[in-house]
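Beneath this line is the structure, given in structure tokens, with notes to follow.
Lettering follows sequence order; numbering is per chain, from 1. Note that the coordinates shown come from a computational prediction; the quantities given were computed from them, not determined experimentally. Hydrogens, waters and symmetry mates are skipped; everything else that's a heavy atom, side chains included, is used.
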Amino acid sequence: MSTRQLPRGKIYVSAIAAFVVGITALVMVTQTGPAQIAVDGLLDNWGPQDMAKRTQYVLIGTVEDKTVSSVDADPIRWDKPMVYTDVVINVEQDIADKYKDSQITVRTLGGKTDKYWVHVSVSPTFEIGEKVLVFVSKEPGSEMGDNYFVLAQELGKYKIVDGKAYGKDHENGIDLGQFVEEIRSALPEDARNSNPN
Amino acid sequence: MTLKTNKKMATTIMSATVLLASLIAMPSAFAHPIYTGHSHFWGSTDVCYDTTGLNALSVDGSTGHATTVATEITNARNDWNNQSSSFSFNLQASCSHWVGSTNLSSGFVALTTSSYDNFGYMYDVDFNFDSSSRTWTSGTSCDPDGEPASLRYAATHEFGHWLEFTHAADGVSSHSVMWTDYNCNAVNVKSADATELDSVY
């Protein structure tokens, strides 16, 4: 066995230096990146019929684009900086027969910028190219500002695949034609009358 | 100093580093069997809150009932505080964490926002009741449609978010107050919530 001698002082200095460098590196790795905010809440227990009674539009369309918007630091709406993701949808049909434009931009809560990363567990998620059915409203005095939003968060978005709609209330899918009829029958009377089909 | 001594010292330093790294990484190491989503934690088991803007809520048909709302917040807080865990929420003037009200028209009955650092520790949490056209009620009654909505239930759920519990996974609605949407079977702290609280704090 070797009995090579090393100065005790050098050992201590080296050990302390290694420890400090290691901890500094660890802190730098964990403390860099955007500030993180979580948003969670209790949602209304709304099914499609409930949403049909409350919504402005029930749109069927295809997701064209989505972008993370600028940070909203308005203290009236939010006590913390809020990041939104704007989703552009090419509109094919409004079941309520009120929305006339070919596109709509829907604002959803959450997203990531250089400074902030906002996680929202109940926010609806969209993929570009995805065909969707969404309950859409606008309430300028609300937390979403003067922007369209998906009513009831994730409950108000359905993905359409092969003629079936999939959502929180219909995880195994429902025939789109049947679903549209169910929604239409629950719309307020003026909307039903404007679109008898 | 011998090579044997050097090895001993190296082992000690490595052990200390591993122990420190484990302590730092601890928040993300907990498993949450019935909860979904992220998991973050308080560095303390005594968390304060203050209240603001409660008069704006329409309670039992009219506004201006801040005292009633504050009582329901206290009842909700006590539901968590009375569990076996040492964790407690306490009302404290000028606390940076607060309970208030704001216009939530996109389908939220109430909403919690929480900031946390990159170690996973929370440092700023607030929640708001919806003050749009929603009506609220006090006491233990629960309307299945949430019209009026229960102040106590909503506050209990939001305090669960303050503990950074996210929403209960599908199929456990009657076993947790953290069910995603309004559910009269889940209006107070359940045994699974208490077990979870106890396991974290």
Side-chain angles (χ1 to χ4, degrees), chain A residues 1-8 10-12 15 18-19 22-23 26-27 29-33 35-46 50-51 54 76-82 107-109 118-119 121-122 135 137-139 141-144 149-156 168 171, chain B residues 1-6 9-10 12-13 16-17 20-21 24 36-38 40 98 100 102-119 122 124-128 130 132 134 144-146 149 153-154 157-158 160-161 164-167 170 178-184:
Chain A
M1 169 140 340
S2 167
T3 55
R4 185 160 49 98
Q5 298 288 313
L6 287 175
R8 183 183 292 265
K10 271 191 178 178
I11 292 287
Y12 281 135
F19 190 74
I23 293 301
L26 191 60
V27 168
V29 165
T30 53
Q31 289 299 321
T32 54
Q36 300 203 54
I37 297 166
V39 178
D40 274 304
L42 179 62
L43 292 179
D44 280 299
N45 180 20
W46 290 341
D50 301 304
M51 289 187 279
R54 293 170 168 86
I76 294 174
R77 284 194 288 272
W78 299 102
D79 58 291
K80 300 177 181 65
M82 179 54 57
R107 178 157 284 190
T108 63
L109 294 174
V118 177
H119 308 263
S121 64
V122 296
F135 293 83
S137 285
K138 183 191 278 190
E139 188 71 42
S142 76
E143 79 276 25
M144 306 303 284
F149 57 81
V150 178
L151 189 64
Q153 300 296 317
E154 62 180 357
L155 304 180
K168 280 285 176 182
E171 291 187 338
Chain B
M1 187 176 284
T2 65
L3 186 61
K4 193 174 178 182
T5 309
N6 291 347
M9 180 170 283
T12 305
I13 291 169
T17 305
L20 189 66
I24 290 168
T36 58
H38 52 260
H40 310 111
W98 47 261
T102 193
N103 182 336
L104 301 168
S105 294
S106 65
F108 286 105
V109 179
L111 182 73
T112 291
T113 56
S114 51
S115 301
Y116 53 94
D117 64 25
N118 290 334
F119 290 129
M122 300 164 69
D124 181 20
V125 180
D126 312 295
F127 88 74
N128 282 302
D130 175 25
S132 61
R134 186 181 303 279
D145 295 326
Y153 168 25
H157 181 98
E158 297 311 315
H161 286 314
E164 209 49 32
F165 293 172
T166 54
H167 288 128
D170 288 351
M178 300 313 294
W179 188 239
T180 306
D181 47 0
Y182 202 90
N183 182 338
C184 286

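Here the closest heavy-atom approach between residue A:D40 and residue B:E158 is recorded as O-OE1, 3.7 Å. When all heavy atoms of B:D181 and A:D44 are compared, the closest pair comes out as CB-O, 3.7 Å. Taking both residues in full, the closest heavy atoms of B:S105 and A:E139 are given as OG-CG, 3.3 Å, listed atom of the first, atom of the second, then distance. Shown here for A:L42 and B:W179, the closest heavy-atom pair between the two residues is CD1-O, 3.9 Å.
In this structure, a donor-acceptor pair under 3.5 Å is absent between the side chains of A:E143 and B:T102.
Annotation: side chain of A:K168 is not in contact with side chain of B:T180 (no heavy-atom distance under 4.5 Å). Residues A:L43 and B:Y182 are not in side-chain contact: their nearest non-hydrogen atoms beyond the backbone lie 4.5 Å or more apart.
Taking OG1 from B:T113 and CG from A:L109, the interatomic distance works out to 11.0 Å, rounded to the nearest 0.5 Å.
Take A:F149 and apply the ring-ring contact (aromatic ring centres under 6.0 Å, His included) test, not counting sequence neighbours, and it matches no residue.
Of the possible donor and acceptor atoms, none in the side chain of A:K80 sits under 3.5 Å from a partner among the backbone N and O of B:S115. Proximity of a side-chain donor or acceptor of B:H161 to a complementary backbone N or O of A:V39 within less than 3.5 Å is not detected.
Interface residue B:D124: backbone and side-chain heavy atoms are both found under 4.5 Å from chain A. Only the backbone of B:A110 comes within contact range of chain A, with at least one heavy atom under 4.5 Å from a heavy atom of that chain.
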